Structure formats: C-alpha cells, structure tokens
Amino acid sequence: MKISNFEDERVHVLDANSSVWSVIRDIAESGTQEEAFYVCDIGDIVRKHKIWKSAMPRVEPHYAVKCNDSLTVLEVLAALGAGFDCASKTEINKVLSLGVDPNRIIFANPAKPLSHIRHAGDVGVNTMTFDNEVELHKVKRLFPDAKMVIRIRCDAEIAQCQLGMKFGCDPETEAPHLLQVARDLGIDVVGISFHVGSGCRDPPVFRKAIAASRKLFDYAASLGFHFSLLDLGGGYPGGHGTSISEIAEIVNMALDDYFPDPSVHIIAEPGRFYVSSAYTLACNIHSIRAVGTKDAVTGNPTTHYMYYINDGVYGSFNCVLYDHQHVVGIPLKEFSHSKLYSSSIWGPTCDGLDQVVEQTLLPEMQVGDWLVFEDMGAYTLPVASPFNGFPIPKVHVVADENVWMLLKDILPLTEDHFVIGNIPASLKKGMDVNRDEDWSLPILPITITLPLCGDGPLIQEHVLEYVDVGPINH
Ligand SMILES: *Cc1c(COP(=O)(O)O)cnc(C)c1O
C-alpha cells in the first residue's frame with residue numbers, strides 16, 4: 001500500500017472558510033505559481049457515491065478505472081466500498097495494490113491480450129467480459145475457470161462517445177450462438193453486460209438494454225446456464241448541473257419489471273459520474289494576440305482576442321478531441337460589467353490543432369490572468385502527454401473536515417494520507433516557478449496595427465497594456 005512521503009501528494013484538509021475556488025485563488029494569486037494546476041475535491045467523490053447509493057440502491061458501482069486512474073481517486077473509492085472495472089493487467093494491479101479484494105473487480109474488456117487473461121487468473125480476478133467467439137477460445141486455453149459475462153450491444157441514440165461500433169454482440173443475432181459455443185467449450189457464463197455509450201443523453205435506452213438482457217437471461221437458462229449477474233455498464237453524466245435521477249428512475253423501474261428476483265446481482269461501471277466534477281483546472285494566460293475582425297451581427301470592425309494558455313489538447317484538453325467535451329474557461333479575476341469580446345483559447349504547443357475553445361465571449365484578459373475550467377476530472381489526466389515540453393498539471397487534492405473525519409480511518413486511507421492546510425507545501429517554497437527564466441526583463445507596451453477590415457481604410461491603434469509579469473513569478 002502506497003503512502004506518499006510528499007506532503008503535496010496528500011489530501012489537504014481545508015479550514016471552514018475555504019473552498020475549491022478559494023484554494024485556486026490562493027494558489028494562483030500567491031505570486032509563485034505559473035504552471036497550470038488542478039484542485040481535486042475528494043468530498044465531491046464522496047457526495048457522488050452517496051447520490052449513487054440513494055438513487056440506485058440495488059446497483060453496486062464498479063468504478064471504471066480508465067476514466068481517471070489517480071491513486072487518490074482509487075483510494076477514496078476503495079475506502080467507500082466501491083468495486084472496480086479494470087481493462088488491463090496494469091489497472092488490475094493498481095487496484096489490487098490498494099488491498100482491494102479481487103472479487104470486487106470486473107475485468108470488463110471484451111478483447112483482452114493473452115497475458116492479461118492469464119494474469120487475471122493468477123491474481124483471482126475471475127469475472128471478465130467477452131463479445132466474440134475467439135475470446136472464448138482464448139479463455140478456454142488460458143483461464144478455463146473464469147466467470148464470463150457476455151457483452152451485448154445496445155446504443156444510446158445520443159451519447160458523447162459511442163462504443164457500440166467497437167464492442168458488444170447483437171443480443172438477438174449473435175449472442176445465442178456465442179452462448180452455445182461457451183456451453184460446448186464448458187465455459188461458465190454468469191451474466192450479461194452492456195454499455196449504452198459514454199455521456200449518455202438517452203435515458204430510456206437503459207430500459208431497452210435491460211429488457212434485451214432479460215430475454216437473453218431466459219435463453220441462457222434454456223441452455224442450462226444459471227445467470228446471476230447483470231452489469232449496466234457506464235454512461236452516467238457527472239458534471240456540474242447534471243443529474244442521474246432520470247436514468248436512475250428508468251433503471252429502477254426496469255429492474256423491478258424485468259429482474260424482480262433479488263438474487264440477481266446488479267452492478268454498473270460508472271466512470272465519468274464519479275470524477276468529472278471533482279477536478280477543477282486553472283490555466284495561466286501567457287500570450288495574447290489581438291486580431292482585427294468584423295462583428296458577426298453589425299459587420300463593424302472589431303477585435304478578436306486569442307488567448308494562449310499553458311495546457312492544451314495534448315495535455316488535459318485531449319478531452320476536447322477524444323472525449324468530445326465542450327469546456328468553458330471562467331476568468332478567475334472578477335470583472336464586473338466588463339465589455340465582452342469575441343475570443344478563442346489556445347493551448348501552448350506549436351500545433352495549429354491545439355485549440356481549446358474555438359469561440360467564446362470574454363472580458364479583455366491580460367498576460368498572467370487565470371482561466372478556470374470546471375468538470376475536468378473525466379478522461380483528461382490519464383491521456384495527457386507533455387508534448388512540446390509543456391508539463392502535465394499537478395493535482396492539489398483537498399477535502400473539508402467532515403470528509404477527512406469520515407475517511408481518515410478507512411483503509412486504504414489512513415491519517416497519514418492527510419495534512420492540515422489549504423495550499424501545497426511546494427508553493428510556500430516557490431517550487432512551481434521556472435527559475436531558469438529571467439523574468440526581470442522589462443516588457444514594453446506594444447502598439448499593433450490591426451489589418452484592414454470593414455469597407456473604408458481603417459488603421460486602428462491598439463495599445464496592449466501588458467501587466468508586469470514580475471509579480472507572478474517572484
Ligand atoms: C469507459 C467504460 C466505462 C465508463 O464509462 P463512463 O461513460 O465514463 O461511465 C464503463 N465500462 C466500460 C467497459 C468502459 O469501457
């Protein structure tokens with residue numbers, strides 16, 4: 001069990017007057033922070049768990065590790081008693097290293113490398129999914145005692161990320177044959193799983209999938225199988241302002257209608273739901289280009305601001321490309337009644353693709369100002385790369401006192417995982433400042449000439465008053 005020796009990797013217990021936003025402000029305005037950084041509130045994960053338990057009491061969550069495999073997230077969920085959905089040997093080992101019992105893990109990747117199947121057998125992770133015949137032959141050879149779960153396809157009409165193209169057999173045309181093959185091979189199939197699509201915006205699809213599962217349960221019984229597991233997969237939203245209550249109502253009713261027998265074990269594999277809103281990212285504006293353009297409505301010449309921030313689509317905002325997320329940059333500084341300008345937000349790398357927000361309205365920001373992005377916990381950090389030399393942001397983990405009191409004695413968490421105090425120790429030592437740079441150079445006001453636009457010739461004098469970057473870095 002890993003307990004970090006580094007104060008910064010521990011959970012910082014906040015005083016009563018502090019919040020995620022106040023911590024972001026403390027760090028950003030400390031004068032020693034330049035890099036982008038996250039604040040992760042584990043209280044938010046605890047709240048999500050309570051919401052899940054009360055919304056779908058019969059459905060046991062198995063957190064999808066791929067969504068955010070941070071040790072803190074896994075430790076908190078292990079302490080709360082959640083199960084885990086792992087897709088690889090490494091994910092399995094990471095969860096087992098926390099002391100989680102292997103029977104709380106489902107190996108929910110229907111297309112597994114051979115050595116991973118063998119490894120699951122070696123460490124006692126018995127339950128795994130399949131959706132094709134070849135997988136059954138692999139399992140027969142490598143781990144014949146596995147408890148197999150057949151993954152069927154049932155796609156949401158609208159979802160942020162569809163998965164059905166890659167995974168899931170057709171419950172009517174393919175599944176019956178696969179079950180016959182499993183029976184002929186002597187493989188034990190114990191239940192059904194599906195994944196309607198990540199970021200599902202079609203709640204009724206859950207009823208369809210549960211109904212299809214019922215039919216296949218009955219067919220399996222006719223072959224002599226005793227199915228006892230139904231796995232509802234992932235797809236539940238988790239950002240601020242979202243709710244799982246509509247999905248929960250549909251799921252609960254469908255379970256009552258199709259699976260009233262309480263001996264059928266119902267699980268799900270939520271990923272996004274648990275972590276999305278727990279993570280807030282703060283990025284620093286390091287460059288600005290003001291370009292002349294025309295107002296879309298009036299046609300009058302106006303200015304569009306391009307803000308360059310120190311995290312982009314190769315880092316945390318890979319979610320914009322891969323996970324189809326729409327992110328919103330909120331200025332940390334308060335602007336009251338400021339004029340809003342057409343703006344775009346760009347990542348720091350030299351790739352033209354590295355655009356975070358294509359078009360938004362923002363007050364006029366300065367170099368050194370911060371933009372804050374909420375709901376950045378799902379499908380961000382595990383995929384990020386330090387391409388072009390821009391580091392992946394560090395995570396500052398916080399919890400309020402109640403969450404600390406609740407979790408500090410539940411394994412794998414211990415008192416040692418926590419430290420009192422709002423801000424990172426490194427900040428006090430000024431460790432996030434890139435000391436190689438000489439920031440003391442004077443920065444002169446720049447006059448730029450906007451390109452011609454509109455009908456008549458127009459030369460617009462535009463003075464950018466750069467803030468002195470000195471205070472940010474010293
Ligand atoms: C990605 C994935 C999940 C998690 O999906 P969310 O939409 O984040 O809840 C669950 N199960 C499987 C098999 C997955 O691949």
Side-chain angles (χ1 to χ4, degrees), residues 44-45 48-49 51-52 55-56 59-70 73-74 77 82-88 90-92 95 104-113 116 120 125 127-132 135 148-169 191-203 205-206 209 213 229-239 242-244 246-248 251 266-279 318-319 322-325 375-383:
D44 200 71
I45 299 173
K48 288 289 180 63
H49 191 62
I51 289 171
W52 184 281
M56 290 182 277
V59 185
E60 213 177 87
H62 284 53
Y63 171 69
V65 174
K66 80 165 188 286
C67 185
N68 182 329
D69 65 346
S70 117
V73 168
L74 302 181
L77 287 167
F84 294 89
D85 152 12
C86 297
S88 66
T90 306
E91 286 187 359
I92 288 174
V95 172
R104 270 167 65 190
I105 297 175
I106 177 164
F107 192 178
N109 184 344
K112 295 169 282 299
H116 296 219
V125 172
T127 311
M128 50 180 78
T129 60
F130 75 104
D131 64 2
N132 65 84
E135 201 72 6
M148 299 305 289
V149 176
I150 186 166
R151 172 142 162 202
I152 59 168
R153 176 174 182 179
C154 191
D155 295 344
E157 302 264 341
I158 319 163
Q160 208 166 313
C161 297
Q162 297 283 359
L163 296 165
M165 254 170 9
K166 185 166 177 186
F167 296 118
C169 61
I192 298 177
S193 79
F194 55 79
H195 193 310
V196 298
S198 193
C200 166
R201 284 188 214 102
D202 173 18
V205 73
F206 279 92
S213 301
L229 179 70
L230 177 64
D231 176 355
L232 312 180
Y236 319 89
T242 64
S243 160
I244 57 164
E246 193 184 348
I247 291 177
V251 163
I266 314 282
I267 69 170
E269 300 163 353
R272 192 186 300 285
F273 168 75
Y274 269 103
V275 287
S276 182
S277 57
Y279 281 66
N318 70 79
C319 63
Y322 296 132
D323 192 41
H324 313 289
Q325 287 187 33
D375 298 330
M376 288 293 292
Y379 306 109
T380 52
L381 279 169
V383 200

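Numbering starts at 1 and runs along the sequence shown. Order of listing sets the numbers, starting from 1, for every ligand and every atom in it. A quick note: this is a predicted structure, and the numbers were derived from the prediction, not measured.
Ligand 1 places these atoms under 4.0 Å from at least one heavy atom of Ala64: 3 (C), 4 (C), 10 (C). Residue Pro270 approaches ligand 1 through these ligand atoms, each under 4.0 Å from one of its heavy atoms: 9 (O). Atoms of ligand 1 found under 4.0 Å from any heavy atom of Ala108, numbered from 1 in the order shown, are 13 (C). If you number the atoms of ligand 1 from 1 as listed, the ones under 4.0 Å from a heavy atom of Gly271 come out as 4 (C), 6 (P), 8 (O), 9 (O). Contact atoms of ligand 1 toward Arg272: 6 (P), 8 (O), 9 (O) (distance under 4.0 Å to a heavy atom of the residue). For ligand 1 and Asp85, the ligand atoms under 4.0 Å from any heavy atom of the residue are 10 (C), 11 (N), 12 (C), 13 (C).
Counting heavy atoms from C-beta outward, Val73 and Tyr279 have side chains that approach closer than 4.5 Å.
The closest donor-acceptor contact from the side chain of Gln160 to the backbone of Pro237 lies at 3.5 Å or more, if one exists at all. Remark: the backbone N or O of Ala64 is not paired with any side-chain donor or acceptor of Asp85 at under 3.5 angstrom. Judged by distance alone, the side chain of Tyr63 and the main-chain N or O of Asn68 form a donor-acceptor pair under 3.5 Å. Remark: side-chain polar atoms of Arg104 are paired, donor with acceptor, to backbone N or O of Ala82 under 3.5 angstrom. A donor-acceptor pair under 3.5 Å links the side-chain atoms of Arg153 to the main chain of Gly164, judged by distance alone. The backbone N or O of Glu157 lies less than 3.5 Å from a partner atom in the side chain of Asp202, making a donor-acceptor pair. For Glu269 (side chain) and Phe194 (main-chain N/O), no donor-acceptor pair under 3.5 Å exists by modelled atom type.
A side-chain donor from one of Lys48 and Ser277 sits under 3.5 Å from a side-chain acceptor of the other.
When only non-hydrogen protein atoms are considered, atom 14 (C) of ligand 1 lies nearest to Lys66 NZ, 2.8 Å. At the top of the distance list for atom 10 (C) of ligand 1, counting protein heavy atoms only, stands Glu269 O, 3.1 Å. Among all non-hydrogen protein atoms, the one lying nearest atom 5 (O) of ligand 1 is His195 NE2, 3.0 Å. In this structure, atom 7 (O) of ligand 1 lies nearest to the protein heavy atom Ser198 OG, 2.5 Å.
Polar contact with ligand 1: absent for Gly234 (N/O pair, distance under 3.5 Å).
Note that SG of Cys86 is 4.5 Å distant from CD1 of Ile105, once rounded to the nearest 0.5 Å.
Between the choices Tyr274, Tyr379, Phe107, the shortest heavy-atom distance to atom 8 (O) of ligand 1 belongs to Tyr379.
Residue contacts with ligand 1 leave out Phe167, since none of its heavy atoms falls under 4.0 Å from the ligand. Look at Arg151 and you'll find a heavy atom under 4.0 Å from some atom of ligand 1.
Under 4.0 angstrom from ligand 1, there are no non-hydrogen atoms of Leu163.
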